[in-house]
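Excluded from the calculations below are hydrogen atoms, water molecules and symmetry mates; all remaining heavy atoms, backbone and side chain alike, are included. Convention: sequence-line order gives letters A, B, ...; per-chain numbering from 1.
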2 protein chains.
Amino acid sequence: MNPVENKQFERELGERLATSGFRFTSQRRQVYDVLLQKLDHPTTEDVFIRAKRKMPDISHATVYNCLDALVQCGLVRKVQLERGATRFCPNMEEHAHYYCDECGEVFDVSLPAERPSVPQPRGFKVDHYEIAVHGLCADCAGKKK
Amino acid sequence: MNPVENKQFERELGERLATSGFRFTSQRRQVYDVLLQKLDHPTTEDVFIRAKRKMPDISHATVYNCLDALVQCGLVRKVQLERGATRFCPNMEEHAHYYCDECGEVFDVSLPAERPSVPQPRGFKVDHYEIAVHGLCADCAGKKK
DNA sequence: CTAGGTGCAAAAGGTTTGCGGTTAA
DNA sequence: TTAACCGCAAACCTTTTGCACCTAG
C-alpha cells in the first residue's frame, strides 16, 4: 500500500469505527489489513498468526475483539462454513460462498440482484442471508476420480 | 408411535443404515427417534439429554457417533447456524432455515422448485446448498420495539 | 466369531471472561 | 482525564480420540 492509499485507508477505517462507537487502535487496523491482504476467508487463528508477523505482541483475545468490532461496524462478515472455526471475509457485497469440503477452499460468487421470492415466517424481520454451497472444487473433484 | 408404525420405522431405519454399511443399534434408533419427536433443530447436547431420558446409559460420544451415521446415510441434515454447537434436523427436503438471532428459534421454509441460476466456479461439483436467513422472529421483533 | 459400535475419560480445539495495566479521544 | 481497549491466563464449551468391553450380522 502506498502512503496515499494508506492515509485514505486509515481515515475510512477510523470513521467507520467511530460511527459505531469504537476507537481506532493499531490492532484493529492491523487485523483489518490482514483481512484485506488475502481474501481467503481466514479463521480467527489464521488472522492471529498473520497479524502476529507484523505485530508480535498482539494476543488471541484482542484478535477476537477486533474481529468482533469490525463485524459490528459492518466492515467484515462472519461466515460459518464447517464445524470448525468461524471464518471472516471483508467482502460486504451480497454473495454466496462455494466451499470445498475436501480442501476447505472458499470461492465467492456474487448473487444476482433479483432474488427469488421465498416464502417467509409471518413477522420475521430479516437481518441477513447466508448462502453456502458445499461440494468439491475442480481440483479436488479431479483427484477423486 | 403404535406397534405397526414402530415396526415400519425400525425396518426403514435398518435398511437405510445397512445400505451405507452401518449396523442397526438401539442407540441409533433412539437418537433418530429423538430427532423425529420434536423438529426443533436440537444441538448434540439437546439430543444427548433427550436420549438419556429413555436410555440413561447412552454417552456423549455415542450421540456424536450416531448423529454422524444418520447424516452419512442421508436421514438427517447437519446445520450450522451460529457460533455455537452444530444443530440437526431430519427434514431432508430442500429448505431454508430462518434463524432468530435473539431467541435461537428455527423455522423451516421450503424452497421453490425453481432455483435462480447463480453463476458458479468452473468445475465445482455441488453436493448441497445451505441457506440460512438470520434476523428476528415476530415475537422478538415485537419485544425489541 | 469378529468387525464395528459403545461407554468412559481425557485431550484437543475454539471461544469467552476477568483483571490489572495502557491508551485514544 | 477516563472509559474503552489491550495482553495474559484461566475457564468454558464443543468435539475428537484412545482404549477396553460388548454386540449385530
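- Going from atom CZ of A:Arg87 over to atom P of C:dG14 covers 11 Å, rounded to whole Å.
- Considering all non-hydrogen atoms of both residues, B:Arg77 and B:Tyr129 come closest at NH1-O, 4.4 Å.
- Of all nucleotides listed (D:dC8, C:dA3, C:dT16), C:dA3 comes nearest to the side chain of B:Arg23.
- Heavy-atom distances to DNA chain C give each of A:Thr25 and B:Arg28 a nearest nucleotide, and the one nearer the 5′ end belongs to B:Arg28.
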(request) Could you walk me through whether A:Phe9 and A:Tyr32 pass the ring-ring contact (aromatic ring centres under 6.0 Å, His included) test, one step at a time? (result) CA-CA 10 Å; A:Phe9 166 87; A:Tyr32 189 42; 5.7 Å; yes
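- One finds a side-chain N or O of B:Ser59 lying less than 4.0 angstrom from the OP1 or OP2 phosphate oxygen of C:dG7.
- Separating the CG atom of B:Leu67 from the C1' atom of C:dG5 is a distance of 15 Å, rounded to the nearest angstrom.
- As rounded to whole Å, 14 Å separates atom C1' of C:dA24 from atom CG of A:Leu13.
- A straight line from CD of B:Gln30 to C1' of C:dG7 spans 16 Å, rounded to a whole angstrom.
- Using a 4.0 Å heavy-atom distance criterion, B:Ala61 is classed as a base contact.
- Closest approach of A:Arg28 and A:Leu70 over heavy atoms only: O-CD1, 4.4 Å.
- Residue contacts for A:Thr86: at a heavy-atom cut-off of 4.0 Å it reaches the sugar-phosphate backbone alone, with no base atom in range.
- As rounded to whole Å, 13 Å separates atom C1' of C:dT23 from atom CE of A:Met55.
- The CG atom of A:Asp57 sits 15 Å away from the C1' atom of D:dC5 (whole-angstrom rounding).
- The residue among B:Gln27 and A:Gln80 whose nearest nucleotide of DNA chain C is located toward the 5' end is B:Gln27.
- Of the candidate nucleotides C:dG7, C:dG14, D:dC6, C:dG7 has the atom lying nearest to any side-chain atom of B:Thr62.
- Between A:Val34 and the options A:Leu67, A:Val63, A:Val47, a side chain to side chain contact (heavy atoms under 4.5 Å, CB included) holds for only A:Val47.
- Summarising the geometry, the separation between CG on A:Leu70 and C1' on D:dC5 is reported as 14 Å, rounded to the nearest angstrom.
- Residue A:Thr43 is out of contact with every strand shown, counting any heavy-atom pair closer than 4.0 Å.
- The environment of NZ in A:Lys52 is crowded: more than 12 heavy-atom neighbours from other residues, nucleotides or ligands sit within 6.0 Å.
- Residue whose closest nucleotide on DNA chain D sits further toward the 5' end, between A:Phe22 and B:Tyr64: A:Phe22.
- Computed from coordinates, the A:Phe48 CZ to C:dT15 C1' distance equals 14 Å when rounded to whole Å.
- The side chain of A:Asn65 has D:dC6 as its nearest neighbour among D:dC6, D:dT17, D:dT15.
- For the pair B:Ser26 and B:Glu45, nearest-nucleotide mapping onto DNA chain D gives the more 5' position to B:Glu45.
- Phosphate proximity of C:dT16 to B:Arg83: present, with a side-chain N or O under 4.0 Å from OP1 or OP2.
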